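A quick write-up on the structure given underneath.
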Amino acid sequence: MRPFLLLASRDHDVVADDEYRAFCEYGGLEPHELHRVRAEAGPLPEIYLDQYSGVILGGSPYTASDPPADKSPCQLRVEAEICGLLDRIVAEDFPFLGACYGVGLLGLHEGAVVDRRFGEEVGPVRVRLSPAGLVDPLCRGLEASFDAFVGHKEAVRMLPSNAALLAGSATCPVQMFRFRRNVYATQFHPELDFPGLERRVDAYRHSGYFPPDEAESVKDRARMARVHEPQRILRNFVERYSR
């Protein structure tokens, strides 16, 4: 089997390593089957898509829809390089799954309106599949509504007409979408379990996702949720596109 590629841009080693662990575990992948590139660490190497089964874009502390003047040189470089890769991915309809940050980058790349109107607090939300989502291969085996972990400052406010809306929530109408046949993004984190959420709360407590003194309350709310359905999306992605 050709490996999958994980593009990461976490600036915190503990969180980056746990994210990689979760994508391997819930995707059913061994470490040699998921090649990781940390885009924030330096320029992207040359990426040959025909060497991979698919590409996964992990979450990030970056906010793609911020004005360029508010972005660091590192963020500007990372986004320019990933968007260059997205040019090829979309043109080839190459298997792609963006998680959280992927919504912003892929959405903007394809003409969606992305802003801070539908940002969500860190914690669980109830996600509901759309009619298109109920029959989409990546949602195979999922319940029609399920809990998922979120935590984001931006979201898609309006999808272009060529996108398929696959899922939404009461607080964020676009939780999952697809372009063409094989290019996907989820606003929720399909890889995130409670231990991973705890690590992210600790790492990003001063990053504006919640008041720092509410970190333990955020963990307590998340601890009560039963989040086990979203991970099926990762397994479905891997099973569908392994080659």
Side-chain angles (χ1 to χ4, degrees), residues 5 7 9 49 52-60 62-68 71 75-76 78-120 125-146 148 150-191 229-230 232-234 236-237 240-241:
L5 172 65
L7 295 176
S9 57
L49 294 178
Y52 295 101
S53 291
V55 175
I56 299 169
L57 176 62
S60 175
Y62 297 150
T63 302
S65 61
D66 280 350
K71 297 179 179 180
Q75 181 177 354
L76 290 170
V78 167
E79 292 182 355
E81 292 173 347
I82 293 178
C83 285
L85 182 59
L86 283 175
D87 289 342
R88 295 158 52 199
I89 287 171
V90 174
E92 296 180 26
D93 197 18
F94 189 79
F96 174 87
L97 177 61
C100 195
Y101 183 50
V103 160
L105 280 189
L106 178 61
L108 290 170
H109 186 275
E110 293 302 293
V113 177
V114 182
D115 57 27
R116 294 187 176 228
R117 179 174 177 181
F118 293 113
E120 293 177 293
V125 297
R126 174 62 58 158
V127 174
R128 291 178 173 79
L129 296 178
S130 70
L134 289 169
V135 298
D136 190 272
L138 253 61
C139 301
R140 176 175 51 84
L142 270 70
E143 298 176 1
S145 64
F146 54 88
V150 300
H152 53 100
K153 299 173 183 177
E154 66 181 351
V156 169
R157 177 159 54 90
M158 184 180 301
L159 282 170
S161 59
N162 62 330
L165 174 64
L166 303 180
S169 67
T171 48
C172 181
V174 180
Q175 286 283 355
M176 183 176 182
F177 59 86
R178 186 191 73 241
F179 284 104
R180 305 188 72 178
R181 294 186 60 189
N182 303 309
V183 180
Y184 291 85
T186 66
Q187 184 64 78
F188 56 88
H189 286 275
E191 85 289 358
E229 288 289 290
R232 295 176 187 265
I233 293 170
L234 291 179
N236 288 342
F237 182 77
R240 185 182 184 197
Y241 294 116

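In what follows, every heavy atom counts, from backbone to side chain, and hydrogens, waters and symmetry copies are set aside. Computed from a predicted structure; not experimentally measured. The residues of the chain are indexed from 1 along the displayed sequence.
- For the pair Leu49/Leu85, a side-chain contact is recorded, criterion being any heavy-atom separation below 4.5 Å from C-beta on.
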Given Asp136 and Leu129, is the side chain to side chain contact (heavy atoms under 4.5 Å, CB included) satisfied, shown in steps? CA-CA 10 Å; Asp136 190 272; Leu129 296 178; over 6 Å; no

Worked check of salt bridge (charged side-chain N to carboxylate O under 4.0 Å, His left out) between Lys71 and Asp66: CA-CA 7 Å; Lys71 297 179 179 180; Asp66 280 350; over 6 Å; no

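- For Glu81, the side-chain hydrogen bond (donor to acceptor under 3.5 Å, both in side chains) criterion is met by Arg77, not counting sequence neighbours.
- Within the model, atoms CG of Asp115 and OG1 of Thr63 stand 12.0 Å from one another, a figure rounded to the nearest 0.5 Å.
- Tested against Val183, the residues Leu86, Ile89, Val55 include a single side chain to side chain contact (heavy atoms under 4.5 Å, CB included) partner, Ile89.
- Ser130 contributes a side-chain N or O that, together with a main-chain N or O of Gly133, makes up a donor-acceptor pair within less than 3.5 Å.
- When all heavy atoms of Leu105 and Cys83 are compared, the closest pair comes out as CD2-SG, 4.2 Å.
- Remark: Glu143 CD to Glu229 CD distance equals 4.0 Å, nearest 0.5 Å.
- The two residues Pro137 and Tyr184 make their nearest non-hydrogen contact at CD-OH, 4.2 Å.
- Counting heavy atoms from C-beta on, the side chains of Ile56 and Glu191 never come closer than 4.5 Å.
- Take Tyr101 and apply the side-chain hydrogen bond (donor to acceptor under 3.5 Å, both in side chains) test, not counting sequence neighbours, and it matches Glu79.
- A distance of 10.0 Å separates CG of Leu142 from CZ of Arg140, quoted to the nearest 0.5 Å.
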Can you check side chain to side chain contact (heavy atoms under 4.5 Å, CB included) on Val156 and Gln187, steps first, answer last? CA-CA 9 Å; Val156 169; Gln187 184 64 78; 5.7 Å; no

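- Distance check, rounded to the nearest 0.5 Å: CG of Asn182 to CZ of Phe96 gives 12.5 Å.
- In summary, the side chains of Glu120 and Ser169 do present a donor paired with an acceptor at a separation below 3.5 Å, with no hydrogens or angles considered.
- Contact of the Arg240 side chain with the Pro95 side chain is not registered, since no non-hydrogen atoms from C-beta on lie closer than 4.5 Å.
- The two atoms that bring Arg180 and Val90 nearest to each other are NH1-O, 2.6 Å, heavy atoms only.
- Under the 4.0 Å criterion applied to side-chain N and carboxylate O atoms, Asp93 and Arg181 are not assigned as salt-bridge partners.
- With contacts defined as side-chain heavy-atom distances shorter than 4.5 Å, the pair Leu159/Glu110 does not qualify.
- The line from CZ of Phe146 to CD1 of Ile233 is 5.0 Å long, rounded to the nearest 0.5 Å.
- Residues Ala167 and Val127 come closest through the heavy atom pair CB-CG1, 3.7 Å.
- Residues Cys139 and Asn236 approach most closely at C-ND2, 4.0 Å, considering heavy atoms.
- A distance of 12.5 Å separates CD1 in Ile82 from CG in Asp87, rounded to the nearest 0.5 Å.
- Annotation: ring pair (Phe, Tyr, Trp, His ring centres under 6.0 Å) contacts involving residues 150-179, sequence neighbours excluded, comprise Phe177-Phe179.
- Within the 4.5 Å cutoff, no side-chain heavy atoms of Val103 are placed close to those of Gln175.
- The two residues Gly104 and Glu154 come nearest to each other via the heavy atoms CA-OE2, 3.9 Å.
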